[in-house]
Structure formats: structure tokens, C-alpha cells
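Everything below concerns the one structure shown next.
Residue numbers start from 1 in every chain, and the chains themselves are labelled A, B, ... in the order their sequence lines are given, proteins ahead of strands. All values derive from a computational prediction rather than experimental measurement.
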Protein chains: 2
Amino acid sequence: MATIKDIAKQAGVSVTTVSRALNGYDDVNEDTRKKIKRIAEELSYSPNAVARSLVSKKTRTIGLIISDINRAGAKDAFAYEVLCGINDRAGDLNYDLLLFSTNPSKQMEKSYTALCKERNVEGAILSGLRLNDPYLQEVIDQNSFPCVLIDIPKTGDNVAYITSDSRIGAGMAVRHLLDGGHRQIAMINGHDQAFVSKERLAGFQDALEEAALAPRPDCVYDGSFTEDGGAEAMYQILIRHPEVTAVFCASDLMALGALRTLERMGRKVPEDMSVIGFDDISIAAYCSPKLTTIRQDKYELGYQGAQLLIDMLENRTDNRKIMLNNQLIVRESTRPLAK
Amino acid sequence: MATIKDIAKQAGVSVTTVSRALNGYDDVNEDTRKKIKRIAEELSYSPNAVARSLVSKKTRTIGLIISDINRAGAKDAFAYEVLCGINDRAGDLNYDLLLFSTNPSKQMEKSYTALCKERNVEGAILSGLRLNDPYLQEVIDQNSFPCVLIDIPKTGDNVAYITSDSRIGAGMAVRHLLDGGHRQIAMINGHDQAFVSKERLAGFQDALEEAALAPRPDCVYDGSFTEDGGAEAMYQILIRHPEVTAVFCASDLMALGALRTLERMGRKVPEDMSVIGFDDISIAAYCSPKLTTIRQDKYELGYQGAQLLIDMLENRTDNRKIMLNNQLIVRESTRPLAK
DNA sequence: TCCTATTTCCGAAACGTTTCGGATAAAGTT
DNA sequence: AACTTTATCCGAAACGTTTCGGAAATAGGA
């Protein structure tokens, strides 16, 4: 592994000159620069980023703490799409990504802050964290390095967040059902340690209120963002609220569970029951019936999140908050109530 | 940012002692160790991994070059599942992952070798590369750091690979069709810059030969591993080979494309045409009809790939090759030929 | 010719660790 | 009493860069 010293020796100059030649400073003669470059080439020199970081304090690396990178996430590829967005933008701007091994099974001994500080990442993007995550608060409080939270509305000097407008999105979903004449609408929500659950619930209630309907907290079930949870919640709804004609699910995955239960129970969708989801995962366009849903641009979440972080790193912005719009995608799982 | 020096000063000992105390060497008095640990805690010291790497030459980091991390990959979450497997195993074994920003759009100026050497990763896992990738050969030839290739059968002192047995898998698929009495079988293959395409084609031919059928190279179409490609290939097959009753697709994504074409053309699956895929992506279990396919354990590809790499890093193995088994999953898109 | 700029180079320190080869002092051995 | 052990500590070098503050040599200007 050739170093800058080897080059210096061979070229008969100092390491300073080699460094400056290779880094394009203009106080080095073009002939010596050529020579140095040639020798570097010959020795197949490649700079040692570790040594460089040690002195420059820069790593051009962004830490990623994405707790929902796991097998289960393959169906809704939420984490994946976010990651793609981050990867693309960070790549464009020449940052590498360091994926921390956040091992959820054995609870971690090191906090996110410690991880990031140790590895000298310049900033971090955190996704998939629960609101009650023990290390989350520390990151926000210590405020010690720039970070972007996905779907967690906290800000600070060094912390920003990005999310999509779940409240309005949920409102759109429910209004879509209301527009179809549905009045008895249930909701299957995610677990309550997610900000988006609260927002989607609020959006649900907003829409009911707007339609002068009484809020129905008893018709809101917890599907904990899983397919099985959605299936079970749907089952409870069928049993306890036979009057319900439409259900709003806070995620497509739960909606798939709901569809499963409905099929098992012999209810036709959308004839007997309208179902609307949230996210627009890829399965939504393929399942049967195809799922009406609220599309969330997960890729953009990552893409703009990365952009925001890098802007913060390079002091280009005071913005600490980005809110993306969602979009209603009408497919086959909802339809107006037959009169 | 407190350093080891600050601790040394405050504790009235040398940096050597601090280092040794913190790293659990036994030539330091337990009382001083306690004291040092306490002070480290007070100063919220965290070791600088960059400095440490510089001297130890170890980064405990694995480089990831996964060229198919992109938006399009969200449907078949192949890259994602592989990543999950890598992430889990690497996490268990305490390695972090460095995701290189391989920007496919603007062709890269740095080779994979250069990237890995610069950042001092201890080894790398490469996935999604085409056989004719300009930098791939260099990695293999230079042999300069341990690496594991996914789905590319090349080995060397420092290079190993992992794949699943596509040839046998394809054979299983085609045999399934043959067992159902099908005799006119077409194939939609992936692009020819993938090792698995060659293998799946070979498996297809194996099975035909075994059944004493003539090889039908004219019935093999290129769907380039995309949904649209599969749709187009299916269209060609319908036009040119009306006698075909079953089609084997080298990926589920292409099979989805084929299904789309068949639906558009008014052909019923499986009544008029049997379709079998490869991969078992999550959509396969939800689409209509549900796709019969060959399941590939993508997660395990990553998991065992990571294990293999780390075993190489730590000189625990001479193994340079892992072959995983695939499994036939019969669903709704195939059925015996009506006599 | 003398003075000032300009061009081109370099020595040495610094970044934060680890580790080698001792050094010192106390304890044990004969 | 004169050794040898043992326990505990430390100085200094090393890892491969970058960068600060000059220095030497050459060119330009009067």
C-alpha cells in the first residue's frame, strides 16, 4: 500500500509537496505535479481516507440508523425506498453512507449518539424509530451533530425532520369514503408509538367532524402496522360494528390484512365493504381487489431528507422541517355506498 | 470532544495508561481503572474510531457495492432482502456497513477497488453487478481485499461467491410444467449479462432434454428482468408460438408482465396458459392469479454472504463458494394441461 | 544594483489512538 | 542481603495525512 511518503521519496520532493500536488493547490510547478501524478499512478497510490479524516475532521459520511431494515419490511418496502432516496441524493453530493448495525434483538449497549460520535459521521438520518425509543431523546437533547428524523416531529439547532402530511392524507382518505356516501366508517390505526398514527387519527376525526358526524373512538382499532394486526382488527370491527360499511387503514399492510379477513368472512370488497389504505406499497396495485390508498412518496422522503441534512452540514439552510404532500389513488377497493 | 489526553491529564496518568485501562488490559491497577472510567464517563468521552483505525489498520467495516439499490427495485425487493441479511449478520458480528455511493447515472470515475482501498474497508460484498461491469474484473484480478460476489461465479484467493442454484431451480420449474402434461413450453429469460440467466436457461434445457423433448431456442425470449420486458416477450410468444401452453419466466417481475399481457389479450391463467416465475417476490402471493414460482431465499443470500466474508476476514475458512437451494411454490398460475 | 514580488518548495506540528520496550517500586525468594 | 518477580506505570514512536509559517530562488521594477 503505497503512501504519500513513498511518492515523495521517489519523486525527490517533500510529502507536503506531494499532498499539495495531488490536491490541486496552485503553489506547485506543473512539471513536478505531472511527475508526482505519474509516480502516484505507477505505485497505484490511493489516498488513505482514514488518515485524511483524522486531520481534516471530515469524513464525508452520513450515518444511517434505520431500525426497520428487516425481513418483515420486505412487503411494504418503506425502509427500502427511503434508503434508495437517501442513497441517490447522498451519492450525487458525494457522501457515503454508514449503516450502523443497530441490533434490535439484543438491546443495544451503545446509544445512537455514541455510535455517531465514535465513527465521526458528519450527520445522521434516523428512520423507523418509535417515539419512546430510549436513545432518541438523547440525540435531540445533546444536539451534538446534525440529524434528520423521518416521521418524528422534533426540531432543534441541529435536528430537523421530514414527513409527509399524514393528517391531511388521512382526511383525504376519509373524505373519499364520505363522498361515496359512507357514514359508518371505522379505522384501523397503527401502534401509538408512531407520530403518523396520531396524525392519521386526527385526520380521520377532522373529516368526520367536517361532515358533522360524531367522532367514533370506539370504531378505531389498533392494527399495530402489521398485516396480522390488520386482519384481527378487521375481525373485531365486523363482530362489534356490523353497521360499518367502510374502513380506513393507516397502512396498506394492515389493509391487506383487513382484506384477508373480509374474504374469509365472505364479505365482498368493495360491494359489502370499502377499504382504503395508506402508503401505496407496490402490492397495492397488484392485490385483488386493487387497493385504493393514499400514496406517500417514500423515495422523496429519503431524497429530500438527505438533501436537508447535507444542507445543514454545509450551513446552507435554516429550514428544519419538510412536509411532503400525499395523493389519493383510487383503485378497486372502495366504491360509493349503494343506496 | 474529550480525548484520551484530557482524561490522562485529569487523572494524572499517561495516555498509555488511559488507553490500556479503557481497553481492559490487566497491567493497570483496578483503582486507577475505576478512576479513569469515572472520568471518561464525566467527560462523556467516546473513542475516536478514525484515530484508532489509523494505527490498528482495522475498521470493522464492510463495504457494500449494491448496484441495484434503486427505485425500480422496490417491487422485487431483491436488493433489499439481501441487504437485510447482510445487515443482520454483520450486526451480530459487530461490523458496520459502508454503502458506497455508486452512482450509475453519471458513470463512476473511481473503481470499486479504489473505493474500498481508500476507505479501508476490511472486505466487500458486491451485488447486482453485470458480468460485463468494467470494474468487476479489476476487483477479481487485483485480489487486494476479501470480497464476496453475489450471483457471480468467480473465485480467487480473496474472492468468493454465493448464489442459489438457478439451474436446478429452473429445472424444477420446468419439470413442474412437464409433470402437468405441458409440452409446448416457452421461456422468458433475463438479460444475458447475468449469470443466473445462463443458469436458468440451462435448467430449462436440462428439463426438456430429460423429457426427451427437442430444445427450443426459438421459444426463449429476452425480458431483460423487467415487467415491461416480460409483457413484451409474452406478446411475442403469443403471436409467434400459438401452440405454447406454458411459460417459464426467469423472474417474478417478468412473470407479472406476462400476466398483464395475457389479461389484455383475453387469455385466462391458468386455464389457457400456465405461468411460472422465479424468485418469489412478495407480490407473487398477492397478485391474481397468485404466482407459482421458485422461491429463492434472498435474505439468506445476504446473511450467509456476510458470514462467508467475515469468515474470510478472520481466516476461519477456505470455502469460496456457497450454493443455496431453491424451492418450488405452487400457487394458482399453473395447472395441468387439460387433455 | 537593490528592493520587492512571485513562484516553488519544505520542516514540523497536529489529528487521537495503540503499542513496544522499558522503568520503578514493592514483594517474594534464597 | 542480594537477588528475582510481579504489579503498575510511562515515553516515544508510529499510523498517513493536512496545513501553518516560512525559506530559497527567480523575476520584475525603479
Between Tyr25(A) and dT8(C), is there a side-chain N or O to OP1/OP2 distance below 4.0 Å? no
Any Asn23(B) side-chain N or O less than 4.0 Å from OP1/OP2 of dT18(C): yes
Looking at dC15(C), dC9(D), dC15(D), which one has an atom nearest to any side-chain atom of Thr17(B)? dC9(D)
Students often get this wrong, so: under 4.0 angstrom with heavy atoms, is Asp27(B) touching a base, only sugar-phosphate, or nothing? base
Can you tell which of dC10(C), dT18(D), dG16(D) lies closest to the side chain of Arg20(A)? dC10(C)
If you compare every side-chain N and O of Tyr45(B) against the phosphate oxygens of dT17(C) (OP1, OP2), does one of them come in below 4.0 Å? yes
Quick one: label Ser56(B) by what it contacts on the DNA or RNA (base, sugar-phosphate, nothing), any heavy atom closer than 4.0 Å. nothing
Closest to the 5' end of DNA chain D, once Val28(B) and Leu54(B) are matched to their nearest nucleotides, is Val28(B)
With the side chain of Ser14(B) defined as its heavy atoms from C-beta on, choose the nearest nucleotide among dC10(D), dT17(C), dT17(D). dC10(D)
Identify whether any heavy atom of Val50(A) sits under 4.0 Å from a base atom; if not, whether one sits that close to sugar-phosphate; answer base, sugar-phosphate or nothing. nothing
Flag the pair Lys117(B) / Met1(A) as yes when at least one side-chain heavy-atom distance between them is below 4.5 Å, and no otherwise. yes
Any base atoms under 4.0 Å from Thr16(B), or only sugar-phosphate, or nothing? Heavy atoms, all strands. base
Nearest-nucleotide pick for Ile4(B), side chain only, options being dT17(C), dT19(D), dG16(C): dT17(C)
Output yes when Glu41(A) and Arg38(A) qualify as a salt bridge under the 4.0 Å nitrogen-oxygen rule, no when they do not. no
Nearest to the side chain of Val13(B), which nucleotide is it out of dC9(C), dC10(D), dT18(C)? dC10(D)
Can you find a side chain N or O atom of Asn29(B) that sits less than 4.0 Å from OP1 or OP2 on dT8(D)? yes
If we check side chain to side chain donor-acceptor pair (under 3.5 Å) with Arg119(B), which of these qualifies: Thr59(A), Asn48(A), Thr61(A)? Thr61(A)
What does Thr32(A) touch in the nucleic acid at a heavy-atom separation under 4.0 angstrom: a base, only the sugar-phosphate, or nothing? sugar-phosphate
Is the shortest side-chain N to carboxylate O distance from Asp31(B) to Lys34(B) below 4.0 Å? no
Check whether any side-chain heavy atom of Leu64(A) sits under 4.5 Å from a side-chain heavy atom of Leu98(A), and report yes or no. no
Expressed in angstrom and rounded to an integer, what is the separation of Lys5(A) atom NZ from dC10(C) atom P? 16 Å
